[in-house]
Amino acid sequence: MSKIKILELVVGLFVALGMAAFFMLAMKVSDISSLGDERGYKVQARFENIGGLKVRSPVTMAGVRIGRVTGINFDENTYEAVVTLSINPEYDRLPADSSATILTSGLVGEQYVGLEPGGMDEYLKNGDTIKLTQSALVFERLIGRLVTSLAGGNKDNSDDQPPSSPDAPASRGEGGG
Amino acid sequence: MQRSSPFAPAEVLIAIRGLRFVRGALTIFDGVDLDIPRGKITAIMGPSGTGKTTLLRLIGGQLRPQAGRIEIGGQCVHELGRRELYQLRKRMGMLFQSGALFTDLNVFENVAFPLREHTQLPENLIRTLALIKLESVGLRGARDLTPAQLSGGMARRVALARAIALDPMMIMYDEPFSGQDPISMGVLMKLIQTINDALGLTSIVVSHDVQETATIADYIYLISGGRVVEHGTPAQLGRSSSAWVEQFLHALPDGPVPFHYPAPDYEADLLAGQDL
Amino acid sequence: MIRWLQGLGRYGLARLTRLGRGNLFLLRLLGSLPFLFNRPRLLIVQLYSVGVLSLPIILVSSLFVGMVLGLQGYTNLVPYGAEASLGTLIALSLVRELGPVVAALLYAGRAGSALTAEIGLMKATEQLASMDMMAVDPFKRVLAPRFLAGFIAMPLLAGIFTAAGILGGYFVAVEQLGVDSGAFWSQMQASVDWREDVVNGVVIKSIVFGLVANWIAVFEGYDTVPTSAGIGRSTTRTVVNTSLAVLGLDYVLTALMFGGL
């Protein structure tokens, strides 16, 4: 082969090597499947407190990631957080009465939305709202409750009920449309 | 300062009038009038540093004068746009002092360069032309050498072959004889004359090698202090009454251009050191 | 005192004019790029010169950087029992910062200085002037191919650096230190986001660095004082100015892209 041909071949190999490197970065290193989330169907959930939940946080059921958080907004009328979840299209048989809880992975890890299946025969569709939600546990409130419950337990024969914590987690009924 | 031209207008290829060029704080040319006649070898000589190379760059359009006109075949060089200037340059050849061969190409490729860049000729024709040019400078056998393997004189000859590759109408030589041994100088002198006559070129030789240049030049301009001091045929200059011309042409160490750099009084200078 | 201020003013003006000259140069250079569509061979030759010939230093350096990251990361994560996160540590460090930045610095030292020296030498030996006199535009024939080749090569080299560094880290972490291979890759994949980290980091940064590094290298060469001392000064300036520019731009880009997180 002439010198020029060899040169061109080598340069071609160089460019191919560069592309292979980027390919490896895409496939093995990063989470490129996240690009497919745009195809999921959108479901909303309202929370009193989302804690440290972020956009792109995972949505799981039974520990398996089935989607991502794609939007976090604030409703000025009801003073709630409105979280938009994108569920991967292959999981289209989630009962319409499933509940959503904001959980923490590990002790101080990142937060995610965990779904518990309900029992209805109807399934969640695009645009539905999850009615049953449980907000994130806020660390300070947790400590506060611990302190007050400790204090209450130390008083023998106390007639006074320990003041209920201002933020008792409660199941919500009408969660709004 | 207009002076009457020694040539008839039809004979003149390049006409320079009132040229003024300043670089920084230095005035290099201050009112220069020159005529370069067609088909002849014109020499421009003068002491080192008078800006002879600058003149070639001005003619070639690489520099722009502050005032004056340079006309080549009627076209004013520094008023041309880039495209027209490039068109004009295709008809000019220039031989740089060091040859300026492209170091990443061998001799043949160097000579073929203008042909490849400016013509669409087929490869075999380019090869033929390049070999013809190399033959005319006597270096056809050196076609596969690289510039690094050439002596200074050979490099200049290759550069000459490259400069005439497109059969230009004029060719400029920047100090072609400087630093050459007598044989190389003889070769170059012969080449300049032969090529000028064979191709009907107009040649401009910038040099301060008086002997060699005067031998081949048809007309000489002497430039010093930013002006044309004297001009004429070699015979006319030899008869000149100017002391400066005489000093320059005969290589006298002292005359109008003094030997001593300006300095304080000699005796006082020596005595001042005695008190230390 | 006045003289000192005057000197400072002169220096400032000189820098400003140089900056202006550099920008005009870039404009003319960009305008000469379309010429290369008809002459791909010029580009390919230069790609070989700045790209392929830079591969050895890029590969060797990246392997070592990755391996060192593995070692250092391991030692620092073990007290927290978090050595499984080693993959994440190595990958994020390389993808976001070390890959594009170190690759650019190495490029400046190897390819940038070579470009400046080559072009400066062509200027000093009047090759550029003679090409100009032969009615061939040196911007199109000499400068644009080198610039474009470098601009293409830089992201490729940064990508190769990053990937090879991760492999180097993998080798140390898994083969030598006993970190679990599955954990290494899965933790990494969970934490490295394609768009946020790889594109923002390696791709965008290296494109910006490529523009700056090659612009400086080619400009310094073209602007050289045509003596041998001048070439030496220009080459030094290329390496220094490119390094400073890369590091400065890295800060700006990092603040823009990652600071928000």
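Quantities reported herein were computed from a predicted structural model and do not represent experimental measurements. In the text below, chain A, chain B and the rest are named by the order of the sequence lines, each starting its count at 1.
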Q. If you measure from OG1 on B:Thr103 to CD on C:Glu118, what distance do you get to the nearest 0.5 Å?
A. 7.5 Å

Q | Any side-chain heavy-atom pair of B:Glu117 and C:Met134 under 4.5 Å | A | no

Q. Considering residues, nucleotides and ligands other than C:Arg18, do more than 12 of their heavy atoms fall under 6.0 Å from its CZ?
A. yes

Q: Check whether more than 12 heavy atoms from other residues, nucleotides or ligands sit under 6.0 Å from atom CZ of C:Arg110, and answer yes or no.
A: yes

Q: Working to the nearest 0.5 Å, report the span between CZ of B:Phe102 and CE of C:Met122.
A: 6.5 Å

Q.
Tell me if the NZ atom of C:Lys140 is crowded by more than 12 foreign heavy atoms within 6.0 Å.
A. no

(Q) Take a 6.0 Å sphere around CD of C:Gln6 and say whether it holds more than 12 heavy atoms from other residues, nucleotides or ligands. (A) yes

Q) If you measure from OG on C:Ser130 to CD on B:Gln97, what distance do you get to the nearest 0.5 Å? A) 13.5 Å

Q) Hey, what do you get for CG (B:Leu105) to CD (C:Gln127), rounding to the nearest 0.5 Å? A) 8.5 Å

Q. Chain B heavy atoms under 4.5 Å from C:Thr125: which part of the residue, side chain, backbone, both or neither?
A. backbone

Q: Check C:Ala129 against B:Arg57 and note the closest heavy-atom contact, atom names and distance.
A: CB-NH1, 4.2 Å

Q. Counting heavy atoms not belonging to B:Lys40, are there more than 12 under 6.0 Å from its NZ?
A. no

Q: Enter the distance from C:Met131:CE to B:Phe113:CZ here, rounded to the nearest 0.5 Å.
A: 4.0 Å

Q: Report the distance from atom CZ of B:Arg89 to atom CG of C:Asp132, rounding to the nearest 0.5 Å.
A: 4.5 Å

Q: Would you mind checking which part of B:Leu101 comes under 4.5 Å of any heavy atom in chain C, side chain (CB onward), backbone (N, CA, C, O), both or neither?
A: backbone

Q. B:Ala100 and C:Glu126: which non-hydrogen atoms are nearest, and at how many Å?
A. CB-O, 3.5 Å

Q: Would you mind reporting whether B:His118 and C:Val136 have side-chain heavy atoms less than 4.5 Å apart?
A: yes

Q) If contact means a heavy atom pair closer than 4.5 Å, which residues of residues 130-163 of chain B contact chain C? A) B:Arg162

